[in-house]
Protein chains: 2
Amino acid sequence: MYMKKESARPIISRRSRPAKTPLSRDVIVSSALEILDRDGLAGLSLRRVAAALDTGAASLYVYLTNLDELHALMLDEALATVQLPKSRRLSWRDRLKAFLLSYLHVLYNRRGLAQLALSTISSGPRTLLIWERLLGLLKEGDVEDAKAAWGVDLLTLYVTAIAAEKSNWRESGEGPGRVKDALLSASVEEFPLVVAFREALLSGDAEARLDWALDIIIDGIVGGRLPAASSAVPRPTQRRGTRSKP
Amino acid sequence: MYMKKESARPIISRRSRPAKTPLSRDVIVSSALEILDRDGLAGLSLRRVAAALDTGAASLYVYLTNLDELHALMLDEALATVQLPKSRRLSWRDRLKAFLLSYLHVLYNRRGLAQLALSTISSGPRTLLIWERLLGLLKEGDVEDAKAAWGVDLLTLYVTAIAAEKSNWRESGEGPGRVKDALLSASVEEFPLVVAFREALLSGDAEARLDWALDIIIDGIVGGRLPAASSAVPRPTQRRGTRSKP
DNA sequence: GTTCTTGACGAACACTGTTCGTTATGCCGT
DNA sequence: ACGGCATAACGAACAGTGTTCGTCAAGAAC
């Protein structure tokens, strides 16, 4: 039995009797993820989730505060399927990369989940478990605590972003066509380096790029400097803190 | 005079006479950016842009294919204000970091632009100019071509993602409160490392984290391995290519 | 049996992107 | 100068959205 935030009293569905599926947060989230898989983020709406559960959109508000909360619950639920390889024969680093690859697969393979992840603040138990595992792997690699903490932030943000980017290409139906066109038609007078680097810019598949980038980042986390408590770089006016921030 | 894609014939506004501002892509994009600044991405719509220009939403379709195209034009236009420090007294690396910081400021300081950037495929002239400048800086640092090319992808993706993340916190009105709450209430039985790393996970402001992460990534680009043309890591089923992919 | 609480959900509100069809304006040819 | 044509402008329509309001009915408590 789940309790909606700031509601001290448990919610009991009046559908405990047969015929209609009893409503609950779990049922709503599961149904929403099914719709996401089928129709992508553009096809996900409270009305469609309600219709799938044979109810009205307003009924969902008994269990959810709003659409943002549904998104957060969906993301956390989906992260349950991220897999950590169990084999101890792999190095900590290879297991870390495999874990991050699994994380990317979960985000990428469910239509729209990666985009949802980039606009959703998730802090549920499965998200915490992702952080726990990442910290464990970095600890196993003898990474200093401060670097591990900020490294987790960097790694998860990067993997989420690249999953979303790839998803955007897929959803657009033209892959990198538009960028390719821009590069191929770029003026050598205006963009000499872009034209000179054209082949390199277009080379490699997404997997190769990810693998390389993760090596770059992990190497940096392992061998780079410790985070400073503060920095002298000029800063924009905003609050501290970032999403998925462990 | 701008020509809409696949339209060989120039569009001439019937508003060339006084009283109403003549419509054009540039005018539409400028107006849209003003609305974005004021109301954020949730407050941006074709109807509101049309209303600001004293016309109907349907009129905009003479100049734009759809909302996605408006987003792409807005992003490209906004990138015009990204600044490269001119001083040659700074090292290539410091100028690179300052340039990336300017890029982040542009995305972060306009409400919703960072989120828009993450869901928009931009390949306009100003985007190409960003790539040109980044490649120039990396070349000045004697970074091999292949690493420079893929490094530009990594750097722009990461900076866009962190700008969006910070924007999400700002728009939510509670900053990292939700993540903080999750960390502070995490069970030590379930998440021993998360609890142990709690202080490190919450430490540092956004600027310090960005500065550290950029050092990690730039160090990696400079000293890391060359990209491989292909990789043995298991790959998900998707096309090659990523957004903002030079 | 009556009263009270509250889950369920339709209606309403205010909005969205996009297409269709019509009108009026400006350009071009005669 | 006039008529014809192309098309910019834009309202109407369509199909949809998130969220709140108000009502009803079922179940619990007394």
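Just so it is clear, the values below take in all heavy atoms, side chains as well, and ignore hydrogens, waters and symmetry mates.
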_Can you confirm whether Leu154(A) sits close enough to Tyr158(B) that some side-chain heavy atom of one is under 4.5 Å from a side-chain heavy atom of the other?_
yes

Going through the distances and angles, do Arg111(B) and Asp39(B) end up as a salt bridge (charged side-chain N to carboxylate O under 4.0 Å, His left out)?
-> CA-CA 7 Å; Arg111(B) 285 182 70 191; Asp39(B) 302 323; 5.3 Å; no

Rounded to whole Å, the CG-C1' distance (Asp54(A) to dA8(C)) equals 12 Å

Exercise. Are a donor atom and an acceptor atom from the side chains of Thr156(B) and Trp131(B) found within less than 3.5 Å of each other?
Worked result: no

| field | Note, Leu84(A) side chain near Ser102(A) side chain (heavy atom, < 4.5 Å) | value | no

Here the residues of residues 31-42 of chain A within 4.0 Å heavy-atom distance, strictly under, of DNA chain C are none

Derivation and outcome, salt bridge (charged side-chain N to carboxylate O under 4.0 Å, His left out), residues Glu132(B) and Arg126(B):
CA-CA 10 Å; Glu132(B) 181 77 13; Arg126(B) 294 169 186 83; over 6 Å; no

Whole-Å distance, Leu64(B) CG to dA8(D) P, equals 13 Å

| task | Just call it for Ala50(B): base, sugar-phosphate, or nothing, with non-hydrogen atoms closer than 4.0 Å on any strand. | result | nothing

**Asked** Would you call Phe99(A) and Gln83(A) a side-chain contact if the rule is heavy atoms closer than 4.5 Å?
**Response** no

Here the distance between atom P of dT18(C) and atom OH of Tyr63(B), to the nearest Å, is 18 Å

note: Leu70(A), atom CG; dT19(D), atom C1'; distance rounded to Å ~ 14 Å

Report, one pair per line, the protein and nucleotides 14-18 of chain D atoms (nitrogen or oxygen only) whose separation is under 3.5 Å.
from: dT17(D); atom 1: OP1; to: Ser45(A); atom 2: OG; distance (Å): 2.5
from: dT17(D); atom 1: OP1; to: Arg48(A); atom 2: NE; distance (Å): 3.2
from: dG18(D); atom 1: OP1; to: Leu46(A); atom 2: N; distance (Å): 3.3
from: dG18(D); atom 1: OP2; to: Leu46(A); atom 2: N; distance (Å): 3.1
from: dG18(D); atom 1: N7; to: Arg47(A); atom 2: NE; distance (Å): 3.3
from: dG18(D); atom 1: N7; to: Arg47(A); atom 2: NH2; distance (Å): 2.9
from: dG18(D); atom 1: O6; to: Arg47(A); atom 2: NH2; distance (Å): 2.2

Rounded to whole Å, CG of Leu60(B) lies from P of dT16(C) at a distance of 12 Å

Which of dT20(D), dA8(C), dA9(D) is nearest the side chain of Val62(B)? It is dA9(D)

Rounded to whole Å, the CD-P distance (Glu69(B) to dT18(C)) equals 11 Å

Please report, to 0.1 Å, the donor-acceptor pairs under 3.5 Å made by any side chain of residues 42-53 of chain A, with sequence neighbours excluded.
from: Ser45(A); atom 1: OG; to: Arg48(A); atom 2: N; distance (Å): 3.2
from: Arg48(A); atom 1: NH1; to: Gly43(A); atom 2: O; distance (Å): 3.1

Test log, rule salt bridge (charged side-chain N to carboxylate O under 4.0 Å, His left out), inputs Glu69(B) and Arg25(B)
CA-CA 10 Å; Glu69(B) 191 181 42; Arg25(B) 272 158 88 113; 3.5 Å; yes

Separation between CG (Leu75(A)) and CG (Leu79(A)), nearest 0.5 Å, reads 4.5 Å

